[in-house]
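To start, the structure itself, in structure tokens.
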Amino acid sequence: MSTIKISETIETVESVDAVQPPKVVGPVDRASARDVASSNNVFSKLLQQLWLVVGSANIRVKILGIVLGLVLLLGFTVTIQVRQLVSQSMYTQLHPPDLSLFVGH
């Protein structure tokens, strides 16, 4: 059995985190890096605005929004499934696979 001192473990973790590989960016990668940075910037601004609106709402409104969203999602899913099952059932009843009306023609 070996014992490890916590201070040695923390120093080892900090030294591993401090080592980072050098970044190599070519001329084409710089343009794409700028595009990604600008899109991340726009996304983060939109996320901040959304969080300001959502964060300022009352807890009852938040819970109501979650419940309403789940009810609408499940209702939409059940509607699609029932529509598909009813149309398949009606098609099977109108066009039975084993029945032929024109035998011999």
Hey, what do you get for [atom1] ([X]) to [atom2] ([Y]), rounding to the nearest 0.5 Å?
| X | Y | atom1 | atom2 | result |
| --- | --- | --- | --- | --- |
| Leu73 | Leu68 | CG | CG | 11.0 Å |
| Trp51 | Gln48 | CH2 | CD | 12.0 Å |
| Gln88 | Arg83 | CD | CZ | 12.5 Å |

Can you find a pair of side-chain heavy atoms, one from Leu46 and one from Gln49, that are under 4.5 Å apart? no
Just wondering, do Thr77 and Ile80 contact through their side chains at under 4.5 Å, heavy atoms? no
Under 3.5 Å, side chain of Thr79 to main-chain N/O of Gly75, donor-acceptor pair present? yes
Is there a path from Val86 to Leu94 through hydrophobic residues (I, L, V, M, F, W, Y) whose side chains come within less than 4.5 Å of each other? no
